[in-house]
Structures are given as C-alpha cells and as structure tokens.
**Student:** 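Please find one structure pasted underneath; my questions will follow.
In the text below, chain A, chain B and the rest are named by the order of the sequence lines, each starting its count at 1.
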There are 2 protein chains.
Amino acid sequence: MTARTSDNSLTDTASQLRNAIVRTSRALRQDAAGETGLSPATTAALASIGRSGPLTPSELAEIERVKRPTMTRTLACLEREGLIERTPDPADGRSSLVAVNEAGREHLARLRRRKSAYLARRLRKLDPAEVETLARAAELLERIREDERG
Amino acid sequence: MTARTSDNSLTDTASQLRNAIVRTSRALRQDAAGETGLSPATTAALASIGRSGPLTPSELAEIERVKRPTMTRTLACLEREGLIERTPDPADGRSSLVAVNEAGREHLARLRRRKSAYLARRLRKLDPAEVETLARAAELLERIREDERG
DNA sequence: GTTGATAATTAGCTTAGCAAACTAGTTTGG
DNA sequence: CCAAACTAGTTTGCTAAGCTAATTATCAAC
C-alpha cells in the first residue's frame with residue numbers, strides 16, 4: 001500500500017460505495033412504496049422535522065439538501081397525509097414553521113417500532129460488528145455531506 | 001447495551017442509514033448531472049457492462065436490480081451516447097448481447113481517473129480507517145441486498 | 001405446426017428532482 | 001415613509017428514472 005496505490009483504491013472504494021448506495025436507495029424506494037405508503041424522501045423529511053423541531057421550509061430544504069420547490073411538494077404531501085402542521089412564522093410573515101403533529105409522531109413511532117422495515121429486517125441477519133460498521137458508515141456519509149456546506 | 005436495547009438500536013441504525021443513503025444518493029444525482037453528463041443509474045449500468053462483459057439486457061436488469069423496461073431505457077441512453085454496442089445473441093434470437101465499445105471504455109477510464117468525482121473527492125478527506133469502514137459498508141450493503149434474491 | 005412461455009420493447013403512469021417565473025412580505029436608502 | 005431591491009414560498013413546466021400492462025418476436029414442447 002503505497003501512496004500511489006492508495007489513490008486508486010480510493011476511487012475503487014468510491015465507485016463500489018456509489019453502486020451500493022444507488023442500488024440500496026432503489027431497493028428502499030420499492031420497499032417504501034409497498035409497505036408504508038410514504039416514500040423515502042417524504043419519510044426522511046418527516047424524520048427531520050421530528051428531530052429538529054419546528055422549522056421553516058427553507059431550513060428543511062437545506063437539511064435535506066433539496067431545492068425549495070422540491071420541499072414545497074414534499075411538505076404538501078405530508079400535509080395531505082395529515083402528519084404535520086404549519087403555524088405562521090412570528091418572525092417573518094412570508095414564512096411558516098412546520099412541526100410534526102400527533103398523527104405524525106405516531107407515524108414516526110410506528111416506523112421506529114417497525115421490525116419489518118427493509119434495512120432493519122436485513123440488519124438483523126448481520127453480526128453486531130457488521131451492524132456497527134454500517135452505523136459508523138452512516139455517520140461518515142452524513143459527515144462528508146456536511147463538508148459540502150460551504 | 002443489553003439484548004433488549006439491541007433491537008432498538010437496530011432500528012435506529014436502520015433509520016440513520018436510510019437517511020444517509022437517501023441523501024447521499026440525492027447528492028450523487030446532483031453531482032452527476034453537473035459533471036459527467038451521465039446520470040448515476042446510467043453510469044452504474046455502464047460500469048456493470050464493463051465489469052461483467054457482454055450481457056443480455058435481462059441479465060443486466062437483474063444485476064442492477066431494475067425491471068427490464070427500465071434497463072431498456074438506460075441502454076437506449078447509453079447507445080445514444082455511443083458508449084455501448086449490441087450484437088445479436090447467437091443463442092437466442094429474441095435477445096442481444098451488450099458490450100462496452102471503445103468510447104465506453106474511455107469513458108470508464110476517465111471516470112476511474114476522475115479525482116473530482118463526488119465520493120472520491122470526499123473520501124480523500126477521511127483517514128484510512130474511515131475509508132476502510134465505508135468500503136466494508138459497501139460490501140455489506142451489497143450482501144444484504146443479495147439475500148433478497150429469493 | 002400450434003400453443004404457451006419468455007426477451008425485449010412500447011406506452012402510459014408516478015415520484016422526485018430541477019430552474020424559471022410569480023406572489024407576497026421584508027428591508028433598506030433617500 | 002415610500003419605492004426599490006431582496007427574499008420566502010409557491011406555481012409551472014421540464015426531466016430522469018422507476019414501475020405495470022400490453023405488444024411483438026422468438027423459442028420450446030408437445
């Protein structure tokens with residue numbers, strides 16, 4: 001392992017990782033369609049709102065790394081499903097604050113309980129060290145996305 | 001960390017991982033659009049063809065875990081870009097064998113050289129142990145998807 | 001040789017991303 | 001204090017990429 005080969009193995013790792021991520025996210029989409037009635041993008045947004053409290057659509061768009069019009073649509077979906085509530089932003093009349101309501105909290109709790117969710121189901125077949133590896137990988141992926149933020 | 005909490009931490013890990021994957025794959029899509037002119041799905045297909053030699057569209061669809069009509073479209077795109085070639089399948093007149101042509105090989109080589117590809121760029125900021133974690137995670141993700149195959 | 005399965009495609013739908021244009025509030029300079 | 005510039009959110013219209021159902025062409029088996 002010289003510094004020379006390390007750069008090659010880096011791009012190899014990158015491309016393997018890329019394939020794994022693209023394919024897994026495809027599998028997630030299929031699974032979500034079949035099971036919860038809420039797509040992965042929508043679920044992720046709901047989880048973010050639940051985790052980070054009342055937020056403006058713009059803040060949420062930034063967290064999820066999508067453009068504002070995309071978040072507008074996602075929020076419309078969550079609202080249609082009755083999982084979130086909006087209150088006018090006291091600080092800015094153009095904006096609103098989005099929060100998870102009771103139904104949304106229940107939905108999140110159900111998801112968390114959900115033993116059959118695609119990844120949880122599969123994680124149960126791995127040994128603890130492997131699960132740990134994936135947990136750390138999730139952190140790393142979030143972290144390297146964070147770096148972008150400038 | 002008892003056996004009791006282990007099931008909770010499993011679903012927690014699952015949901016963190018899910019978010020990380022969904023967001024990263026979104027970032028990948030944006031990056032691909034901006035840089036190479038070839039989307040992640042299309043690039044992944046090209047890489048698979050390159051790796052696994054001449055294949056029928058059906059085989060490729062199975063590798064990429066998409067349905068055949070989806071692969072039909074992806075192949076049409078690769079063909080339009082002049083990166084692949086089809087020859088009639090000698091064993092089956094309904095089918096054809098898809099292979100990467102010279103331009104496709106160059107494109108793949110360029111991708112491999114590409115120091116600025118989204119993930120490679122970020123991987124370079126991590127220490128070797130972290131890169132290793134992600135490499136193992138990629139393998140694990142592929143493996144747990146494999147389990148599905150029944 | 002007809003019948004039933006299978007490979008690929010076509011047609012039509014959906015989701016989820018984008019950019020550009022619009023609306024309505026906010027901020028700022030004069 | 002009001003007009004101009006800016007900004008948050010939405011609307012509109014486009015694209016990519018997934019799906020199912022239906023077609024077409026070939027293959028296999030009887």
**Student:** What nucleotide, of D/dT10, C/dG17, C/dA7, holds the atom closest to the side chain of A/Thr74?
**Tutor:** C/dG17

**Student:** Expressed in angstrom and rounded to an integer, what is the separation of A/Asp89 atom CG from C/dG25 atom C1'?
**Tutor:** 12 Å

**Student:** Whether the A/Thr70 and A/Arg65 side chains hold a donor-acceptor pair (N or O, under 3.5 Å, no angle test) is what I'd like checked.
**Tutor:** no

**Student:** Using only modelled atom types and a 3.5 angstrom limit, is any donor from either the side chain of A/Arg73 or the base of C/dG17 paired with an acceptor on the other?
**Tutor:** yes

**Student:** Please give me every residue in residues 40-49 of chain A whose heavy atoms get under 4.0 Å of an atom in DNA chain D, ordered by residue number.
**Tutor:** none

**Student:** To the nearest Å, how far apart are B/Arg68 CZ and D/dA25 C1'?
**Tutor:** 13 Å

**Student:** Looking at every heavy atom in both B/Leu38 and B/Glu81, which two are closest together, and how far apart are they?
**Tutor:** CD1-CG, 4.1 Å

**Student:** At under 4.0 Å between heavy atoms, what does B/Thr72 touch on the DNA or RNA strands: base, sugar-phosphate, or nothing?
**Tutor:** base

**Student:** Does the side chain of A/Thr70 get closer than 4.0 angstrom to OP1 or OP2 of C/dC18 through an N or O atom?
**Tutor:** yes

**Student:** Could you measure the distance from the OG atom of A/Ser48 to the CD atom of A/Glu64? Nearest 0.5 Å is fine.
**Tutor:** 3.5 Å

**Student:** Might you list the N or O atoms of the protein lying below 3.5 Å from N or O atoms in nucleotides 26-30 of chain D, with each pair's distance?
**Tutor:**
{"from": "D/dT26", "atom 1": "O2", "to": "B/Arg94", "atom 2": "NH1", "distance (Å)": "3.4"}
{"from": "D/dC27", "atom 1": "OP1", "to": "B/Gly93", "atom 2": "N", "distance (Å)": "2.6"}

**Student:** Rounded off to whole Å, could you give me the CG-to-P distance for the A/Leu75 and C/dA16 pair?
**Tutor:** 13 Å

**Student:** Do you know which two heavy atoms are closest between B/Thr42 and B/Cys77, and how far apart they sit?
**Tutor:** CG2-SG, 4.0 Å

**Student:** How many Å lie between CD on B/Glu81 and P on D/dA16, as a whole number?
**Tutor:** 10 Å

**Student:** Does B/Leu46 form a side-chain contact (heavy atoms from CB on, under 4.5 Å) with B/Leu108? I'd like the steps, not just the answer.
**Tutor:** CA-CA 8 Å; B/Leu46 184 63; B/Leu108 283 173; 4.0 Å; yes

**Student:** Is any side-chain N or O of B/Gln30 closer than 4.0 Å to OP1 or OP2 of C/dC18?
**Tutor:** yes

**Student:** Quick test of your reading of the model: are B/Asp31 and A/Arg18 salt-bridged, counting only N-O distances below 4.0 Å?
**Tutor:** no

**Student:** Grab the CZ-P distance between B/Arg80 and C/dT9 for me, whole Å please.
**Tutor:** 13 Å

**Student:** Specify the separation, in whole Å, of atom CE of A/Met71 and atom C1' of C/dG17.
**Tutor:** 11 Å

**Student:** Want to settle it: does B/Val22 or B/Arg86 sit nearer the 5' end of DNA chain C, counting the closest nucleotide to each?
**Tutor:** B/Arg86

**Student:** Starting from P on D/dT10, measure out to CG on A/Leu78 and report it in whole angstrom.
**Tutor:** 13 Å

**Student:** For B/Glu59 and B/Thr56, indicate whether the former's side chain and the latter's backbone hold a donor-acceptor pair under 3.5 Å.
**Tutor:** yes

**Student:** Does the side chain of A/Arg29 get closer than 4.0 angstrom to OP1 or OP2 of D/dG18 through an N or O atom?
**Tutor:** no

**Student:** Nearest whole Å is fine: how far is C/dG12 C1' from B/Lys67 NZ?
**Tutor:** 18 Å

**Student:** Show, in sequence, the C-alpha distance, side-chain angles and deciding distance for B/Leu97 and B/Arg86, and conclude whether the side-chain contact (heavy atoms from CB on, under 4.5 Å) test is met.
**Tutor:** CA-CA 5 Å; B/Leu97 293 174; B/Arg86 320 174 78 133; over 6 Å; no

**Student:** Base, sugar-phosphate or nothing for A/Pro69? Non-hydrogen atoms, less than 4.0 Å.
**Tutor:** base

**Student:** In plain terms, say whether A/Glu139 and A/Arg136 are close enough for a salt bridge, that is, a side-chain N and a carboxylate O under 4.0 Å apart.
**Tutor:** no

**Student:** Report yes or no: does A/Arg112 contribute a side-chain atom to a donor-acceptor pair with the main-chain N or O of B/Thr11 at less than 3.5 Å?
**Tutor:** no

**Student:** Looking at B/Arg26, does any N or O in its side chain come under 4.0 Å of the phosphate oxygens OP1/OP2 on C/dG17?
**Tutor:** yes

